[in-house]
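Report on the structure given below.
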Amino acid sequence: MPGPASKRRVPVSQPGMADPHQLFDDTSSAQSRGYGAQRAPGGLGYPTASASPQSAFLGDPVSNMAMAYGSSLAAQGKELVDKNIDRFIPVTKLKYYFAVDTMYVGKKLGLLFFPYLHQDWEVQYQQDTPVAPRFDVNAPDLYIPAMAFITYVLVAGLALGTQDRFSPDLLGLQASSALAWLTLEVLAILLSLYLVTVNTDLTTIDLVAFLGYKYVGMIGGVLMGLLFGKVVYYLVLGWCCVSIFVFMIRTLRLKILAEAAAEGIPVRGARNQLRMYLTMAVAAAQPLLMYWLTFHLVR
Amino acid sequence: MAFTLYSLLQAALLCVNAIAVLHEERFLKNIGWGTDQGIGGFEEEPGIKSQLMNLIRSVRTVMRVPLIIVNSIAIILLLLFG
């Protein structure tokens, strides 16, 4: 019985069409006249029946062409994106800020909570470019601020949940609100740096990194407050506020007051005084924002 | 605390509109912030007042046409969606 069926099918068989033992008729090609004779060897048809519909689909020349066209379109699109992405997002510059390792993260977190014993705050340079954060604990990075921001949003959701005030859109609202404050801070500081005509090498991404470090203290305060109550929240937040204040002053002093602070001479003269006020204002804004963004989470 | 990114955008648009509306002859000259009154000093550093005047002048020059477009879009969106 398979003999006449296969003999009948051979003249019209197509490349990729394997087998005469299908259980169903394959209407993508002119095979349906072989249908009746194929019911008998049904049991033998199982292992190959599952392979044949796909091979039938892919073997068809029209779908072959469609797939080739689709994949070439996708490759062209990918090339276009790769060429133009550097215009909108400075990808290579961002990679520098994420070149961290565990030791750096550990040391930096320790520095954020206890900056009082650290002596040398200068960023090391290597032929005019700052060294990657992996090799220098003073270099700014974007890994800690990004992770801290996401953790802050999650911890805020947790805190709201313990007060029975949680709903999923509140998470988005918290994230949007914190991001809006961050943007406002960055714009205000950029505006004041422009007005005071400071020639610094403080880029915008550096500024975002420094301003993102306060989320670490905020997370610590809120978590301690959730575990142990309001008094502990105030204590931990107070400690983190003072640490961030000292951290920011010592870091920004080197960037904004470059010539004066590098030799350690006391700040003098109207121009330097203005810059010192600016540094202190930026550093003082951090504890205020830390309190403002967390006090409604701990009741 | 409903301070969202959208309200930040609205506030920014309103602020830029406010700067663009300052009239050169009737207002800025009278308080001494006109564009021809600031180019005097070429000392080593400009100082805050001349920086501000520079900023106002550049915002008014650069943002005139984009502001028309953005304001029209905002008007249409507010009319449609309230």
Side-chain angles (χ1 to χ4, degrees), chain A residues 149 152-153 156-157 159-160 163 165 167 169-188 190-200 218 222 256-260 269-275 277-278 281 288-299, chain B residues 1-22 24 27-28 31-64 66-67 69-71 73-74 77-78 81-82:
Chain A
F149 179 74
Y152 161 74
V153 175
L160 288 174
Q163 299 169 20
R165 284 191 299 155
S167 80
D169 40 318
L170 272 186
L171 269 186
L173 196 63
Q174 282 287 337
S176 178
S177 170
L179 212 54
W181 277 112
L182 188 69
T183 314
L184 190 64
E185 250 193 298
V186 171
L187 289 177
L190 283 177
L191 180 69
S192 33
L193 280 179
Y194 169 77
L195 287 181
V196 178
T197 57
V198 169
N199 294 328
T200 77
M218 279 162 41
V222 175
I256 299 184
L257 290 162
E259 328 86 46
R271 202 175 59 147
N272 274 338
Q273 218 177 25
L274 204 53
R275 295 184 185 187
Y277 283 153
L278 177 65
L288 287 176
L289 275 174
M290 282 170 70
Y291 178 69
W292 183 255
L293 285 173
T294 53
F295 78 100
H296 60 284
L297 294 176
V298 180
R299 293 271 173 90
Chain B
M1 251 272 301
F3 180 44
T4 60
L5 278 174
Y6 179 65
S7 52
L8 193 61
L9 278 178
Q10 278 183 319
L13 183 62
L14 287 175
C15 281
V16 180
N17 272 334
I19 297 186
V21 173
L22 297 173
E24 180 66 44
F27 177 66
L28 291 179
I31 61 170
W33 278 25
T35 55
D36 49 350
Q37 294 163 337
I39 326 180
F42 273 116
E43 321 122 23
E44 19 179 81
E45 40 153 299
I48 294 195
K49 180 172 167 193
S50 62
Q51 286 289 93
L52 257 184
M53 280 160 41
N54 239 343
L55 186 65
I56 291 181
R57 183 174 54 126
S58 28
V59 165
R60 287 166 46 91
T61 326
V62 167
M63 295 295 281
R64 205 153 269 182
L67 263 186
I69 302 174
V70 175
N71 277 332
I73 297 179
L77 285 181
L78 284 174
F81 300 117

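Just so we're on the same page: letters track the sequence lines, and every chain starts at 1.
Only the side chain of L191(A) comes within less than 4.5 Å of a heavy atom in chain B; its backbone stays farther off. Residue L55(B) touches chain A through both its backbone and its side chain, counting heavy-atom pairs closer than 4.5 Å.
In this structure, the side chain of Q51(B) does not engage the main chain of V196(A) through any donor-acceptor pair within 3.5 Å.
The minimum heavy-atom distance between L8(B) and A180(A), with the atom names listed, is CD2-O, 3.6 Å.
Counting non-hydrogen atoms of neighbouring residues, nucleotides and ligands closer than 6.0 angstrom, the OH atom of Y6(B) reaches no more than 12 such neighbours.
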